[in-house]
Q: 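Dumping the structure here so I can ask a few things about it.
In what follows, chains carry the letters A, B, and so on, assigned in the order in which the sequence lines appear, proteins first and then strands, with residues in each chain numbered from 1. This one's a predicted model, so the numbers in the text were calculated from it and none came from an experiment.
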Number of protein chains: 2
Amino acid sequence: MQTFQYPVPAEWPALQQRAAAAEAAEVEARVAQIFVDVRQRGDEALRHYAATFDGVQLTDLRVSGAELEAAAAQVPAELQQAIRQARANVEKFHATQFYTEEPVETMSGVTCWRKSVPVQRVGLYIPGGTAPLFSTLLMLGVPARLAGCPEVVLCTPPQKDGSVNPVILFTAQLLGITTIIKAGGAQAVAALTGGTESVPAVDKIFGPGNRYVTAAKQLATRYGVAIDMPAGPSEVLVIADSTANPAFVAADLLSQAEHGPDSQVLLLTDSVELLPRVTAEVTRQLAELPRREVAAQALQESRAILLRTPEEMLFFSNQYAPEHLILSVENAEQLAEGVTSAGSVFLGHLTPEAAGDYASGTNHTLPTNGYARNYSGVSLDSFLKKITFQRITAQGLQQVGPVVETMAEAEGLRAHARAVTLRLESLAKK
Amino acid sequence: MQTFQYPVPAEWPALQQRAAAAEAAEVEARVAQIFVDVRQRGDEALRHYAATFDGVQLTDLRVSGAELEAAAAQVPAELQQAIRQARANVEKFHATQFYTEEPVETMSGVTCWRKSVPVQRVGLYIPGGTAPLFSTLLMLGVPARLAGCPEVVLCTPPQKDGSVNPVILFTAQLLGITTIIKAGGAQAVAALTGGTESVPAVDKIFGPGNRYVTAAKQLATRYGVAIDMPAGPSEVLVIADSTANPAFVAADLLSQAEHGPDSQVLLLTDSVELLPRVTAEVTRQLAELPRREVAAQALQESRAILLRTPEEMLFFSNQYAPEHLILSVENAEQLAEGVTSAGSVFLGHLTPEAAGDYASGTNHTLPTNGYARNYSGVSLDSFLKKITFQRITAQGLQQVGPVVETMAEAEGLRAHARAVTLRLESLAKK
C-alpha cells in the first residue's frame, strides 16, 4: 500500500482517483457485433459462443428439471444450511422495504396515490468462472421474488462439461427460479435484451460481470432495457481510529483486495500508531492467502492515508463516495450520521464487510466508481415500479380545475385548459 | 386519427409501435463537440452559444438577486395564486413519500437499516421557448426541496433580451432556488456535468428538452452523472367504454396532441358507438385550438382502436406501457387494479390528464417511449439515495460469522472468511 501523511486538501483529488477504465472502444465494437449476431441467429449464436468461449457444445440451452433436481445432492449440507440462513436474513431485511402508501387527498375530492407494481420480466446475470457467485444470485433473486416479478430469467455460463455449477442451481431452486439459461458474457445480455428461441426478452437486467458484460448492459439500455446500475471494480474505504484492531482492519482491506487486481482499497486513519501496524498486518496476512497474487496487485494501487480528525476523514470519504465504508472507530454511530455518499456502511470493530457480502441481510449489489453519489444499491425498489393514480370528483374538479386552467393558459396549452373547461361546463349544466 | 376495428392480437405490435427516433448520430456528434467546448472554455463557451442559439449577448450568466426580486411583479396575481396552490398540492402528495425505516435485527445482534440521504447536488433543466414550462420547475423543484438536496442548480435559456421568463423566476423564488443560470440546450447540460466558472457541477440532472438536450443527458451519464430517466415524445392512451363522454375523451386526446408533432395519442374502446363520436369531436375541437397545426400533425400518427372487452384493452395497454393512461370507464377502480405498466393513471370521467400535468399533486415527469415497463416517474425517491448500514455485536458475529465463513470458502474467497475468523478467534480468547 502507498502511504500518505497529512496530505493537504488540494492533494485529495489525486488520492481519490480511481483507475481509469481501459480503452473501451474495442470492447464496445465486439459487443455490438455479438448483439447483431444474437438478434440474427438466436439460439444458434448462443451455441456458437458457448463453443468458442466456454469450450462446450450445447444442445439444450435451458437447464432441465432433472439437472435442477440433481443439484442439491452435490452441495454439502453445511453450505446448504449457510445459504438457507443467508437467504432468510436477506429476505427479512428486504421484506421491510415494501410499503403500501395510503391515498392522499390533496384538495377535497382530489385523491392521489402510488402503487408498487413489479417489473414484469427481469433477467439475472451470474458470472461463472472459478468462483461461482451464488451469493449474488441470492442478492438479486430474493428481492425479485419478494417484489413478485412474474418472470425471472437466470443466465449463467456453462462449465466445460456443459453443466451449471450445482451451488448456483441449488440456490436458484431455493428461490423458485426455474428458467435458467446456459449462456454467459455479452451474448447472454444480448439474448435477454432481444430474446431468442430459448431465452425470453426481459425489461430489466441485473448482475455483475467482466467488461464485456458491462459494455453489453450499457448497450442493452439503447434497446429500451433498464439495468441495475453502471458497474465498476469493487472498492472499500476504511476509516479507523486508535481503537481499531490492526489485524481486523488489514483483513477487511485484504477481503476487498482479493476480489480482483483492479479492486481499490483505501485506509483513512487519524492514528499515527495504527497506520504502520495495519500495513505490517496486511503484508503478514497477504502471504497466507490463496489469492495473494490478485490481492497484491490490487494493493499496489491502494492507499493508506493519515488525516488529522474524524471530520476530515468523513469529508474525504463523502467526496470519494465508496461502495463499502467501514467505520472502525469508537463512535461509529456518531460518525455514520455524517455519511452522505456510500453504498453500504459497516459500523464498529466487529462488523466486517464480508458479513454484508454474504449473510447479514443487506444487499451486496452496490454502486461503485463514485456512483454512490447518485445511485442507491439494489433493493426491493429495484424490482418495483411506482405507478401514480388519481381520481377526481365533481367537487374536486371545481376546486382544482380553475388552477389547471390558469396554468395551462399561461403555458400556452389551450387544449389542456379545454379538457378541464368542458368538464366544468358540463357539471354547471347539471 | 387512424381507426382500426377489432384487430387480432398478431396485428397489435404494429399498432403499439412508436415513431422511431430520427437518425441520432449527427445530433450526438454535435453534442459531443459542445461538451468538449464547454469543458475547455467554460463560461466563455456558454456565452458563445447564448449568442448563437438564443440571440443574446450575456455578460453575467447568473440571474441576479435583483432580477429574481423583480419577477413576481410581472406575474399576474391569479397565476401566482394558481402556482401556489399547485405547489401546495404537489408538496402534499410528495411529502407522503418520505419514510423512515426502522432497523431490522436479522439475527440476534445483527442489525441492519437503510437511511434516505439526499443527492447532494442536483441540476434542473427547464426549456425556454414559446411556452415557459414553470409547471415542470414545480414538479422537479418541489421534491428536490422536500428531499433536502443541499445544492439545486437551475439552468434555463435566456430570452432575446437576456432575461429569464418571469414566471420561471417567480416559481424558482417560491421554491427557494437561487442558483439560476441563463443557459439552455446541450451546453447547459454540459455545464452541469463538468462545471464552469459560473455553473456548479452536479451529481444528477433532471428535466425535459429537445433532442439535443436528450442526447446531452445521455452523454452526461458517460461522465458519472445520473439522469432522471431516458426521454421520448409525450403520449397518452385512453381506455373508454360506452359510458364515456366523447367530448371529454376528445379533449384529453387533443391535450396530448398539442404537446408536439411527435406526441402519440391512442384511443382504445369497446364501444362501436363511441369511436366515431370521439373522432368527430376531435375534428370539431381541433379547429378551435391555437396549436391546431401541431396537434393535427400528431393526430396523423394517432390511432383509435376498437377492441372487444375491457380485458383486451387492459392487455393492449400494459403491452404498450403508456406514459399517461386515462380510464374513462364505469368501473375505473376495478380496471386500474390490473395496470402493470403505465407512468400515471387517471380514473373516471372527471379526471383529465391535465390535472396531473399541473396541479393535482402527482408528478408529471413520467417514463415515455415504453419505459413505463421498467422505470417509475420522478418522485421524492429520485432525489434520494438509500444507504444501508449495519452493526454487529459479539453475539451477532458468533451467529452470522460461521455462515459467512462457509459461504466465502465456497466462493473461493479466503480473505473474506479470514475477516470473520480473526474476529471470532479474538472473541474466543476473551
Side-chain angles (χ1 to χ4, degrees), chain A residues 78-79 82 85 89 92-93 96 104 106 110 112 117 119 131 203-204 224 226 247 251-252 254-255 258 289-290 340 344-345 347-348 350-352 354-355 358-362 370 373-374 376 385-392 397 400 403-404 406-407 410-412 414-416 418-420 422, chain B residues 78-79 82 85 89 92-93 96 104 106 110 112 117 119 131 203-204 224 226 247 251-252 254-255 258 289-290 340 344-345 347-348 350-352 354-355 358-362 370 373-374 376 385-386 388-392 397 400 403-404 406-407 410-412 414-416 418-420 422-423:
Chain A
E78 190 192 2
L79 182 54
Q85 181 63 56
N89 290 358
K92 191 166 180 184
F93 182 60
T96 65
V104 182
T106 53
V110 179
C112 305
V117 175
V119 177
D203 301 316
K204 190 167 183 178
D252 291 341
L254 285 167
S255 71
E258 78 171 342
L289 292 181
T340 57
S344 197
V345 186
L347 284 75
L350 292 178
T351 314
Y358 286 108
S360 62
T362 59
R373 273 189 288 270
N374 35 32
S376 310
K385 302 164 293 183
K386 304 215 169 161
I387 303 179
T388 50
F389 294 82
Q390 62 201 282
R391 164 71 109 166
I392 303 178
L397 196 66
V400 78
V403 174
V404 175
T406 302
M407 290 175 76
E411 284 193 350
R414 174 73 53 83
H416 283 65
R418 292 281 298 161
V420 170
L422 277 176
Chain B
E78 189 192 3
L79 182 55
Q85 182 64 55
N89 291 358
K92 191 166 179 185
F93 182 60
T96 65
V104 182
T106 54
V110 180
C112 305
V117 175
V119 178
D203 301 315
K204 190 167 183 178
D252 290 341
L254 285 167
S255 72
E258 77 172 341
L289 293 180
T340 58
S344 197
V345 186
L347 283 75
L350 292 178
T351 314
Y358 286 108
S360 62
T362 59
R373 273 189 288 270
N374 36 32
S376 309
K385 301 164 293 185
K386 303 216 169 159
T388 50
F389 293 82
Q390 62 200 282
R391 164 72 108 166
I392 303 178
L397 196 66
V400 78
V403 175
V404 175
T406 303
M407 291 175 75
E411 284 193 349
R414 175 73 53 83
H416 283 66
R418 293 280 299 160
V420 170
L422 277 176
R423 285 171 165 95

Q: I'd like to verify something: which residue of A:Leu350, A:Val403, A:Val404 has the highest number of heavy-atom pairs under 4.5 Å with chain B?
A: A:Leu350

Q: Quick one: of B:Leu397, B:Leu254, B:Thr340, who has the most non-hydrogen atom pairs under 4.5 Å with chain A?
A: B:Thr340

Q: Measure the spacing between CD of A:Glu258 and CZ of B:Arg414 and express it to the nearest 0.5 Å.
A: 9.0 Å

Q: Considering only heavy atoms from C-beta outward, does the side chain of B:Phe389 approach that of A:Leu347 to under 4.5 Å?
A: yes

Q: Is there side-chain contact between B:Val400 and A:Asn89, with heavy atoms separated by less than 4.5 Å?
A: yes

Q: For A:Ile387, is it the side chain, the backbone, both or neither that has a heavy atom under 4.5 Å from a heavy atom of chain B?
A: both

Q: I need the residue from B:Arg418, B:Arg373, B:Met407 with the largest number of non-hydrogen atom pairs under 4.5 Å to chain A.
A: B:Met407

Q: Whether the side chain of A:Thr351 engages the backbone of B:Ile392 through a donor-acceptor N/O pair (distance < 3.5 Å, no angle test) should be reported.
A: yes

Q: Who among A:Val119, A:Leu79, A:Val110, A:Val420 has the most heavy-atom pairs with chain B under 4.5 Å?
A: A:Leu79

Q: Let's test your reading of the structure: which of A:Val104, A:Asp203, A:Thr96 forms the most heavy-atom pairs below 4.5 Å with chain B?
A: A:Asp203

Q: Using modelled atom types and a 3.5 Å cut-off, is there a donor and acceptor pairing between side-chain atoms of B:Asn374 and backbone atoms of A:Lys204?
A: no

Q: Below 4.5 Å, heavy-atom pairs only: which of A:Ala415, A:Ala359, A:Ala251 has the largest tally toward chain B?
A: A:Ala415

Q: For each of A:Ala82, A:Ser360, A:Gly348, A:Ala355, tally heavy-atom pairs with chain B at distances under 4.5 Å, and name the one with the top tally.
A: A:Ser360

Q: Please classify the contact of A:Val117 with chain B as side chain, backbone, both or neither, using a heavy-atom distance under 4.5 Å.
A: side chain

Q: Looking at B:Lys385, B:Gln390, B:Glu78, which has the largest count of heavy-atom pairs under 4.5 Å with chain A?
A: B:Gln390

Q: Heavy-atom pairs under 4.5 Å with chain B: which of A:Gly361, A:Ala247, A:Pro290, A:Gly412 has the most?
A: A:Pro290

